[in-house]
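First comes the structure, then the notes that go with it.
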Amino acid sequence: MMKFKLKTPFSPSGDQPQAINSLINGLKLGLKNQVLLGVTGSGKTYTIANVIEKIQRPTLVISHNKTLAAQLYQEFRDFFPDNAICYFVSYYDYYQPEAYIPQSDTYIEKETQINEEIDKLRLSATANLLSRKDTIVVASVSCIYNLGSPKVYGSFILELKTGIKIEMISLIKRLVDLHYVKSDFEFKRGLFRTRGESLDIFTAYEDIAYRIIGEEGKIKELFKIDPVSGHIIEQIDNLVIFPAKHYMTDPKSRNQAFEEIKDDLRKRVNELETQKKDLEAHRLSQRVNYDLEMIEELGFVNGIENYSRYFDNRRPGEAPWTLLDYYKEKYGEEWLLIIDESHMTVPQVRGMYNGDRSRKQTLIDFGFRLPSALDNRPLNFVEFQQKIPQTIYVSATPNAWETSLASATMQRLDLNSPTGIVEQLVRPTGITDPEIIIRPIEGQISDLTHEIIKRKKLKERVLVTTLTKKTAEDLAAFFQEKRYLKTNHNISESGQPLVQYLHCDIETLERSDILDDLRLGKYDVLIGINLLREGLDLPEVSLVAILDADKEGFLRSQTSLIQTMGRAARHIKGKVIMYADQVTRSMDEAIREIKRRRTYQQKYNRIHDITPAQITKPIRDKLIDKADDDALSSIQLLDKKQQIGYDKLLSIDTNQLTPIDIVKLIKVLEKEMKLAASDLNFELAATLRDKIRELNK
């Protein structure tokens, strides 16, 4: 059995040894909750990696956004190259949930666009969890959503060995039950093809395919093959094939589920008719009967998850099966949960349930769904707490909730600790928290421009945080105006700062690429809002500028300010400039906390004769290798869209485009469709969707 083996040229230093020992001792003593308060750049991830190696338990790491989850995944992958490190986030590039707006009598059909690469990583996560103990899954909060029963999923596993008896037709039927699709023309994940007594299958969760050779009703040989060339990689003796989808339904229980659905439909229709809601009753009857016919014929229908309670054999109101249940099913309580940036992640987990329920209740009230749709949901917070094992909350600014939870645990066990918090304030490099400067708002852009140019000359990077996405985009466009900069700051063409913005509308995998490009020097400045707060590992950044720092609120709270300022704490000359006309309470508290840490760090450096050293980190491999899309600019479709508008973009004569250019056009239209949907311009989004479908044909 594989064990976690940490591979790194470094050894724990600074505060790390005491933090590692304290956390491990707490786990051995049976502490349910611990808090690791670690300053930015102190190596919290490395500390957690050491803890995982020492306790040898499968681990789930939850982060509150996909960008940080991707970074953590890369870090753990580097620390444990021989172990199973998995990435589990929402696989939707575009998600328009089913909804009904009573005021305008508008029904919005559910529409999704799945990222196939992320879907592969999700399936790989559950496959690894059920097959090997040395697994770390780095997940977003999507891990608390319904995933289907781990027992049913596990029962669909197909195990093959050379020499076992199995007819080719039986094997094909079994693969279809696992949601694999037969195809003789293309070969991609989730498909299989047959040639006589030979069957090739491209599993949904790996980058390799397998060849099964049969002879006289037996499996003669098994091979790993290259899915593109078909060349044999190696011969193997056994093969385990996991399902191509997470949500599986047991055919034996399907008839029982159908009867329960029909019974609930009759009750609900009678209830609506009693309330004189004949239209809603008719609508519901049509919808459910159609769905049942589709499931019976095809085994699937768009929105099948709304019937998950019946197929999972759950009682009304019972918690759904989630990724957490895959851990509990396999390992009981012998696994570890890490909640990264807990001050953000815990509130996000707490808020998911109510938002989901509100939308679905409207669909139920107006006859679009059965009441059972409410049971296709994320966990509520009480259910989440009941399912988790020993937990370590990690943050530079933990909230009172998790610190009080840790303190209560210590007090119950009568342990000598005033707070139950493990502090990690010293960085291995000796770098202290950044110097903080407050400057007036008047003239802030001109002053900021001067600071950016100064750091560009030193080949250093700058982060700028604004209060809105629109401001971030406008400011990026403003800085890109070469005429203004050259006139007012006397810079040459080569000295022109390269600026990019980063916010939630940018696709998941693109965000990581933008951050890498900043480190590589393709950009000098990154402008954003919330995504520039927690956990970003950017040692080239020497300046963080906070615009409108005195606008009290969520984005300028004590926690937000400390987290934002922490982005400058990985550079030896790190500075923070806060543009403000007054010092708010949040600013004062944040500045005092940063000064407390800085004083402690400077004292530690003096006592241990440490000279701060600049962090140097290589650029990690991409989260997912993908083709270079820079060629997209070759036909300048984005510029055309801006110049000629959507009408002409949609009416481009595709007969004049090469197949490659058509693919590029589809990508541009997909981005515009997502932006239109996020702006609630569903009519335009639908038009773009139809054009994409036409091009795909």
Side-chain angles (χ1 to χ4, degrees), residues 2 4-8 38 43-53 57-93 115-129 132-145 147 205-207 246 323-324 326-327 335-342 344-345 348 392 394-395 502 504 506-519 531 533-538 617-626:
M2 292 287 291
F4 286 111
K5 182 63 178 175
L6 181 61
K7 292 189 177 181
T8 173
K44 297 188 290 292
T45 307
Y46 179 61
T47 295
I48 294 299
N50 276 273
V51 171
I52 293 171
E53 184 190 41
R57 293 187 202 168
T59 302
L60 172 62
V61 181
I62 303 180
S63 178
H64 70 93
N65 77 49
K66 295 177 180 180
T67 305
L68 296 188
Q71 182 174 295
L72 285 168
Y73 166 73
Q74 290 171 310
E75 289 181 5
F76 280 115
R77 188 177 61 182
D78 291 345
F79 286 142
F80 298 103
D82 298 329
N83 303 114
I85 313 301
C86 308
Y87 184 63
F88 189 98
V89 299
S90 171
Y91 53 26
Y92 295 120
D93 273 343
N115 185 307
E116 298 294 339
E117 293 290 342
I118 295 179
D119 188 32
K120 181 203 78 172
L121 293 171
R122 284 167 59 96
L123 288 161
S124 177
T126 48
N128 280 324
L129 266 180
R132 53 192 297 182
K133 190 176 180 181
D134 62 320
T135 299
I136 299 172
V137 178
V138 181
S140 66
V141 179
S142 63
C143 68
I144 69 168
Y145 278 78
L147 195 61
Y205 45 87
E206 294 178 294
D207 291 322
H246 277 125
L323 184 65
L324 277 63
Y326 280 74
Y327 276 91
W335 57 287
L336 179 64
L337 175 63
I338 309 295
I339 300 185
D340 188 58
E341 304 295 355
S342 60
M344 289 293 292
T345 306
Q348 197 177 86
I392 299 174
V394 181
S395 175
L502 183 73
C504 60
I506 295 173
E507 290 181 6
T508 305
L509 302 178
E510 251 184 77
R511 297 175 196 170
S512 297
D513 294 343
I514 289 173
L515 295 173
D516 286 346
D517 289 342
L518 178 75
R519 294 194 61 196
L531 293 179
R533 278 179 49 188
E534 287 89 3
L536 297 183
D537 190 357
L538 306 168
K617 281 195 172 185
I619 306 294
R620 295 187 179 89
D621 293 337
K622 299 291 185 186
L623 176 65
I624 292 172
D625 292 327
K626 54 191 177 73

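Treat the numbers as computed from the prediction; the structure is a model and nothing was measured.
- Note that CG of Leu518 is 9.5 Å distant from CG of Leu502, once rounded to the nearest 0.5 Å.
- Of the possible polar contacts, one joining the Asn83 side chain to the Lys5 backbone as a donor-acceptor pair under 3.5 Å is found.
- One finds the CG atom of Leu121 at 12.5 Å from the CD1 atom of Ile85 (value rounded to the nearest 0.5 Å).
- The shortest distance between side-chain heavy atoms of Leu147 and Arg122 falls below 4.5 Å.
- For the atom pair Leu60 CG and Cys143 SG, the distance stands at 5.0 Å (nearest 0.5 Å).
- Contacts of Thr126 classified as side chain to side chain donor-acceptor pair (under 3.5 Å), with partners at least two apart in sequence or in another chain: Tyr153, His246.
- Paired with Thr59 under the rule side-chain contact (heavy atoms from CB on, under 4.5 Å), one option of Leu337, Ile392, Ile338 passes, and it is Ile338.
- Two residues are said to be in side-chain contact when any heavy atoms from C-beta on lie closer than 4.5 Å; Gln71 and Ser63 fail this criterion.
- Once rounded to the nearest 0.5 Å, the distance linking CG of Asn65 with CD of Glu341 reads 9.0 Å.
- The nearest pair of heavy atoms linking Leu336 to Arg57 is N-CB, 4.4 Å.
- Residues Phe4 and Ile136 have side chains in contact (heavy-atom distance under 4.5 Å, counting atoms from C-beta outward).
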Report task. Apply the test side-chain contact (heavy atoms from CB on, under 4.5 Å) to residues Asn128 and Val137: give CA-CA distance (whole Å), side-chain angles for both, the deciding distance (0.1 Å), then the verdict. Result -> CA-CA 9 Å; Asn128 280 324; Val137 178; over 6 Å; no
Query raised in the report: Are Tyr87 and Lys66 close enough, and set up right, to give a side-chain contact (heavy atoms from CB on, under 4.5 Å), and what steps lead you there?
Result: CA-CA 10 Å; Tyr87 184 63; Lys66 295 177 180 180; 4.1 Å; yes
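- Inter-residue side-chain proximity for Val61 and Tyr73 is flagged as unmet; no heavy-atom pair is nearer than 4.5 Å.
- Between Leu6 and Glu53, the shortest heavy-atom contact is N-OE2, 3.1 Å.
- Checked against Ile48 for a side-chain contact (heavy atoms from CB on, under 4.5 Å), the options Thr45, Ile52, Asn50 give a single hit: Ile52.
- With contacts defined as side-chain heavy-atom distances shorter than 4.5 Å, the pair Glu75/Val138 does not qualify.
- Here the side chain of Ser142 pairs a donor or acceptor atom with the backbone of Ser90 at under 3.5 angstrom.
- Listed for the Thr47 side chain is a donor-acceptor partner under 3.5 Å among the backbone atoms of Gly43.
- Here the shortest heavy-atom pairing between Ala69 and Val89 reads CB-CG1, 4.2 Å.
- Residues passing the salt bridge (charged side-chain N to carboxylate O under 4.0 Å, His left out) test with Asp82 are Lys7, sequence neighbours excluded.
- The two atoms that bring Cys86 and Ser124 nearest to each other are SG-O, 4.2 Å, heavy atoms only.
- For the atom pair CG (Leu123) and CD1 (Ile118), the distance works out to 12.5 Å, reported to the nearest 0.5 Å.
- Salt-bridge check for Asp340 with Lys44: failed, with every basic side-chain N at 4.0 Å or more from each acidic carboxylate O.
- By the 30° and 60° cut-offs, the orientation of the rings of Phe76 relative to Phe80 is parallel.
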